[in-house]
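Side-chain atoms are counted along with the backbone in the values below, which use heavy atoms only and exclude waters and symmetry mates.
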Number of protein chains: 2
Amino acid sequence: MKLSNVIISRLSIYVRLLSELEERRKETVSSAELAELTGFGDAQIRKDLNLLGQLGISGTGYDVKHLQKVLSRVLGLDRQWKVALVGVGNLGSALLAYPGFKQQGFNIIAVFDNDLRKIGKNWEGIVVQDVGELVNAVRSAKIRIGIIAVPASEAQRVAASLLKAGVECILNFAPLRIKLPKEINLRNVDLTMELENFSCFLTNKSRRE
Amino acid sequence: MKLSNVIISRLSIYVRLLSELEERRKETVSSAELAELTGFGDAQIRKDLNLLGQLGISGTGYDVKHLQKVLSRVLGLDRQWKVALVGVGNLGSALLAYPGFKQQGFNIIAVFDNDLRKIGKNWEGIVVQDVGELVNAVRSAKIRIGIIAVPASEAQRVAASLLKAGVECILNFAPLRIKLPKEINLRNVDLTMELENFSCFLTNKSRRE
């Protein structure tokens, strides 16, 4: 089964809603209820979930626990994933301290920086390593996911090291477009840019008013 | 001047690179150097910057300090913006502790939650208010930017309150598609979804191998 990024995003939303419903001890859920909660169309939801097999029960909808389990397996959430984090500045530190990743099975087990004041120090329970050791350390730990949280000017170099170390997926928080071979799954997140979009929007809106 | 989201994203990248260059006391920069650093094309960069006026000097490129100043003004980064944060769970707390926002002029001055154990408590220097007080508090403080960091099942309700309070821009971290009038500038960030895309990718890749 080969799923597109768009479908994966929706499955990812369903699985988290189902976890919320499970916590509230809800046993079944209809596609109409899922539509109400997610904002997607009823038909869209049924189509997505049909990709995973015959899961709905006519008249009662979906079994919350079972659907959650099936989705978790498809999304690889029933497994643990090792993650390498490069850069423990403001953002890197916040990511390291954020428990949401570990809760979903993503364990940051190796942390790198080029700042001599940080190397060798314990950061949220992990000893920061010299970025020069990245290739060997990541390769020997067989880490397949990397997070880049370094300044823009260093991001391309770090990406090249992660690639050399055998990493297959990179989440980039540095504000630039990293160049990588297309078999690498690269995703970009830029928190500050989202807010800058707002300030630009409001600034130009105020001028027009 | 009405800028598209795509152009704003690129300007946002340029301004941060220029800040890095300024810190390293670089005085001028060519579009070729900016292309090298950002991964965008040389011609694209010149075209974007031409939108802001005649800024380049033939033969020497752009004055780093001046270009940084012009871009900051266009993006509204020379001003301070008040921000309301709703939800101080794991993610909300991390966002509140992250100094990157304040550094760029985005000040979280009001924080809301519905958890009685949190309301009235001091969170990173700000007293958490009852989400029931959101509309009045946000309206009287004239806050125009809101951040939603609540569970998916509460996000739509919170968005409606922010809208009622007069907020014009919403950054949503909850995993669902919020419905809002189109004059509201809504942007979505889902960190866990990015990682779930990876685990799904790797899971299905492993199966194929």
Inset, instruction - Using a cut-off of under 4.5 Å on heavy-atom pairs, state which of S12(B), G89(B), G105(B) scores highest against chain A. - result: S12(B)
Legend entry - Heavy-atom contact with chain A under 4.5 Å, split by part of T38(B): backbone
Legend entry - Contact leader toward chain A among I178(B), I147(B), D190(B), where contacts are heavy-atom pairs under 4.5 Å: D190(B)
Legend entry - Ionic contact status for K121(A) with D113(A), cut-off 4.0 Å: no
Inset, instruction - Kindly indicate whether the side chain of C169(B), heavy atoms from C-beta on, has any atom under 4.5 Å from the side chain of L202(A). - result: yes
Legend entry - Part of L91(B) lying under 4.5 Å from any heavy atom of chain A: both
Inset, instruction - Identify which part of F198(B) has an atom lying under 4.5 Å from any heavy atom of chain A, answering side chain, backbone, both or neither. - result: both
Inset, instruction - Pick whichever of I170(A), N90(A), L95(A), I145(A) has the most heavy-atom pairs under 4.5 Å with chain B. - result: N90(A)
Inset, instruction - Let me know if R10(B) has heavy atoms under 4.5 Å from chain A in its side chain, its backbone, both or neither. - result: neither
Legend entry - Structural part of L75(A) lying under 4.5 Å from a heavy atom of chain B: both
Legend entry - Among the listed options V15(A), I8(A), V83(A), N197(A), the residue most often paired with chain B at heavy-atom distances under 4.5 Å: N197(A)
Legend entry - Residue E196(B) versus chain A: region with a heavy atom under 4.5 Å: both
Legend entry - Atom pair CG/CG of L77(A) and L71(A) - distance to nearest 0.5 Å: 9.0 Å
Legend entry - Which portion of E20(B) sits near chain A, non-hydrogen atoms under 4.5 angstrom: side chain
Legend entry - Max heavy-atom pair count under 4.5 Å with chain A, selected residue of Q156(B), Q104(B), E194(B): E194(B)
Inset, instruction - State, without any angle test, whether S31(B) and D42(B) hold a side-chain donor-acceptor pair at a distance under 3.5 Å. - result: yes
Inset, instruction - Tell me, for F40(B) versus chain A, whether the close heavy atoms (under 4.5 Å) come from the side chain, the backbone, both or neither. - result: side chain
Legend entry - side-chain contact (heavy atoms from CB on, under 4.5 Å) evaluation trace for I109(A) with W81(A): CA-CA 9 Å; I109(A) 61 155; W81(A) 299 96; over 6 Å; no
Inset, instruction - Could you tell me which of Q103(B), R177(B), R24(B), E36(B) has the largest number of non-hydrogen atom pairs under 4.5 Å with chain A? - result: R177(B)
Legend entry - Structural part of E154(B) lying under 4.5 Å from a heavy atom of chain A: neither
Legend entry - Choice from V189(B), L171(B), L11(B), L17(B) maximising heavy atom contacts with chain A below 4.5 Å: L171(B)
Legend entry - Heavy-atom side-chain contact between Q68(A) and Y62(A) under 4.5 Å: no
Legend entry - chain A contact via A152(B) - which portion, at a heavy-atom distance below 4.5 Å: both
Inset, instruction - Apply side chain to side chain donor-acceptor pair (under 3.5 Å) to S30(B) and E33(B), showing your working. - result: CA-CA 5 Å; S30(B) 65; E33(B) 285 173 289; 3.3 Å; yes
Inset, instruction - Show your reasoning for whether side-chain contact (heavy atoms from CB on, under 4.5 Å) applies to F112(B) and V150(B). - result: CA-CA 10 Å; F112(B) 303 90; V150(B) 301; over 6 Å; no
Inset, instruction - Look at A155(B), A94(B), P151(B), A174(B) and state which one has the largest set of heavy-atom pairs under 4.5 Å with chain A. - result: P151(B)
Legend entry - Option passing side chain to side chain donor-acceptor pair (under 3.5 Å) with N107(A) (candidates K82(A), K102(A), Q80(A)): Q80(A)
Legend entry - Side-chain donor or acceptor of K118(B) paired with backbone N/O of V128(B) under 3.5 Å: no
Inset, instruction - Over all heavy atoms of both residues, which pair between G146(A) and L162(A) is shortest? Give the atoms and the distance, please. - result: CA-CD1, 4.4 Å
